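Computed from a prediction, not measured in an experiment: that's the story for all the values here.
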Amino acid sequence: MHQGYGDAGNKAFQRAWLLDPEATWVAPVLDALKAVPPGDERVDIEGLLHVRKVSITAGIISYNMEDTIQRCLDSLQGAVDHIVLIDCSTDRTAELASEYHNVTIIPYEWTNDFAAARNTGLLHMHTDWVFWIDADEYLVNEDRDAVREVAGIYHDSVVPTILCLWQINLIQNNVKHNFSQTRLFPLGRGLRYWGRVHEQVGTESGIYNNEAARHKVKVRVFHDGYEPDVMASKQKIDRNLNLLRTMIEEDADNPAWWFYHGRELLGAGKETDAVEALIEAERRAIPHPLFGRLLDIYKYLMDIYYQRKDWEQTAAYCMKALDYQSDFPDAHYMLAQVRMKQADHLYREAETGFKKAKESFHSFRSIVSPDHEIGEWKVDVALGDIAHRAGKSSVSKTIYSNVLRQYPRLVNIVGQRLTTIEAERQRLNDLSK
C-alpha cells in the first residue's frame, strides 16, 4: 500500500481479514486504500496468495422451508459445486429445489436428531469439502469466492480443520454477530456430527480432543430464523428443550448439552432453571479443557445476575471470565458497570452518612467534644464533592460558593474546587466548538 500498489495491497488485506474476521483494523485500512493508486500487477504477491482449488458440496437440512429455500440456493450458485438437500418437508420445498441443476434431494424421515440427519447427508457427498448452511440463511454475495478460497488454504493441514463462519443474525431490527458456527470442513478425514440438536463437529472419538483444529473465517451468512415470530411458529424452543433433555439423559457428562439446555431455558423464560443448568455446565466442563463455551457460560451468568442487581455475583463471574481469558471485552465492560453501580450505592450511603453527621449535632451530648467544623462546613464541602463526582457540576458549584461566602478563610480549600469546575466547564466549551 505504501509503495503505491493498491490492488496488491487490497488482496493481501482481504486475505488477512478472511483469516481474522473480528479484526479491528479493517475499516481504517480499507478506507486508507481508497487514496492509493491501483499500481502494476504484483506477480510475487499473486504467488503468495495462490491456493489450490478444491471442490465443495453445500449441505442443507430442510423442513417446510418453501418461503426461504430459493433465497438460500440462489446465494450458493457459483460458491459450491454441488448441493445436497436432506429434506423432511411436506410443503413445496423439494419441488422448488428440484429446479436447480446442481441440487440432489435426499428424502429423509425425521428422527429428532440433527446430527443423524447431517451424518446421513455426508454419505451422499463426494467432494473435497462440505459447507453447511441452513435453509433460512443465505450466503453474502461478496463472500461467494471466499468459501472455496478458505477451504483451499486449510486443505493440506496436518490435522483436519473445522472452520467457523460469521453468522449475522437479524433479530427485531437488531444485528447480532456469531462467530462460533462450525460449518465448513474437509470430507474423508473422519469428521462427523454429534448431538440431537445444537450438534457439534468432531471425530469418531468425540468433540473434546486434539484430533481437529478450529479457526474463524470471514465467510458471512445472514440468518433471520431467530425472529420471535419465527421461533414461535416453529416451536423451536420447546423442540430444542425436549431434545436437550434426552441428550443429557444419554450423556450427562457433556458440558455442551448442559450449556445449551441452560440457554434454551433462558429463552423460555425459566431463569432459575437456566442458572442451575449453566452452573452444572461449568462444573461438567472441568474435566474437558478443550470445551470452548466456558466464556459463554460466564457471560450468561453475568447478564442474569446483573439483571437481578446482584452486583457481588455479577462481579464474581466477571472475575472468573477474566481469570479464564484476561482480554474478554464483555467481562471488562460488565465489571466496570458493576463498579459504577456499587459506586452509586456507596455515594448514596456517603451522602446519607454526611447528612446524619450534621443532624447529630442537634442531639449529641457527651463529655467528648465533637468536631464542630463538621456541622459548620465540612459536611457541606463533602456533599459538594459527591455532587461533583456524580457529574452535577452546577450543584457542587452552588454548594462550594455558599460555603466560601460563609467562611472566606476556606479559600485555599474551596477555591481550588471552584477553579477545577471552571476549568472543566471551559474545556467542554472548547470541545463543543
Side-chain angles (χ1 to χ4, degrees), residues 20-28 164 166-169 171-180 216 255 259 262-263 265-267 269 271-272 274-279 281-283 285-286 291-354 382-397 399 417 420-421 423-432:
D20 183 13
E22 296 174 281
T24 57
W25 54 261
V26 175
C164 304
W166 179 349
Q167 185 188 59
I168 303 171
N169 291 289
I171 307 174
Q172 294 182 313
N173 295 320
N174 292 316
V175 177
K176 300 290 184 181
H177 301 278
N178 186 338
F179 295 91
S180 63
K216 299 176 182 179
F259 163 67
R263 193 176 70 177
L265 285 167
L266 197 60
E271 184 181 282
T272 301
V275 169
E276 292 179 1
L278 291 169
I279 291 174
E282 180 189 15
R283 188 179 74 82
I286 294 172
F291 173 64
R293 307 306 291 265
L294 198 55
L295 281 180
D296 264 326
I297 293 172
Y298 293 145
K299 182 176 179 179
Y300 277 105
L301 290 170
M302 282 156 38
D303 289 340
I304 290 169
Y305 283 114
Y306 185 82
Q307 294 301 321
R308 291 180 177 181
K309 299 183 179 180
D310 187 336
W311 312 134
E312 185 176 341
Q313 282 285 58
T314 307
Y317 280 107
C318 288
M319 295 308 298
K320 280 190 173 186
L322 293 174
D323 285 342
Y324 182 76
Q325 190 161 336
S326 61
D327 58 352
F328 184 39
D330 295 53
H332 282 294
Y333 176 81
M334 187 64 77
L335 187 59
Q337 289 281 8
V338 168
R339 297 306 185 220
M340 285 177 56
K341 296 295 184 181
Q342 291 173 325
D344 289 341
H345 177 71
L346 290 173
Y347 277 138
R348 287 192 295 270
E349 284 192 343
E351 186 175 20
T352 299
F354 285 136
L383 291 173
D385 291 344
I386 289 177
H388 189 203
R389 286 180 170 85
K392 302 175 182 178
S393 297
S394 60
V395 174
S396 61
K397 182 179 180 180
I399 294 174
R417 287 169 165 82
T420 299
I421 292 174
E424 289 177 352
R425 185 192 67 79
Q426 186 60 50
R427 181 176 60 83
L428 290 174
N429 285 342
D430 292 343
L431 288 173
S432 66

Side chains of Tyr306 and Lys341 in contact at under 4.5 Å (non-hydrogen atoms): yes

Value rounded to 0.5 Å, distance of NE2 in His388 from OG in Ser394: 11.0 Å

Student check: side-chain heavy atoms of Lys176 and Gln167 closer than 4.5 Å: no

Closest non-hydrogen atom pair, Ile297 against Phe291: CD1-CE2, 3.8 Å

Parallel, tilted or perpendicular, as decided by the 30° and 60° cut-offs, for the rings of Tyr317 and Tyr305: parallel

Residue His177 excluded, over 12 heavy atoms near NE2 under 6.0 Å: yes

Sub-4.5 Å side-chain heavy-atom contact between Glu282 and Leu278: no

Shortest non-hydrogen contact between Arg389 and Tyr347, atoms and distance: CD-OH, 2.8 Å

Between Asp430 and Gln426: side-chain donor-acceptor atoms closer than 3.5 Å: yes

Between Gln342 and Asp344, a side-chain donor and acceptor under 3.5 Å: no

Straight-line distance of Asn178 CG to Lys216 NZ, nearest 0.5 Å: 9.0 Å

pair Asn429-Arg425: side-chain heavy atoms closer than 4.5 Å: yes

CD1-CZ distance between Ile386 and Arg348, expressed to the nearest 0.5 angstrom: 11.5 Å

Electrostatic pair Arg417:Asp385 at N-O distance under 4.0 angstrom: yes

For the student: nearest non-hydrogen atoms of Asp303 and Met334, plus distance: OD1-CE, 3.1 Å

Spatial distance of atom OH (Tyr300) from atom CZ (Phe259) [nearest 0.5 Å]: 5.5 Å

Donor-acceptor pair between Gln337 and Tyr333 side chains, under 3.5 angstrom: yes

Spatial distance of atom CG (Leu266) from atom CG (Leu301) [nearest 0.5 Å]: 9.5 Å

Heavy-atom pair of closest approach, residues Val338 and Ala315: CG1-CB, 4.2 Å

Residue pair Leu295 / Ala321: nearest heavy atoms and the distance that separates them: CD2-O, 3.8 Å

Spatial distance of atom CG (Leu265) from atom OG1 (Thr272) [nearest 0.5 Å]: 10.5 Å

Closest heavy-atom pair and its distance - Gly384, Ser396: O-CB, 3.2 Å

Backbone N/O of Ser326 and side chain of His332: donor-acceptor pair under 3.5 Å: yes

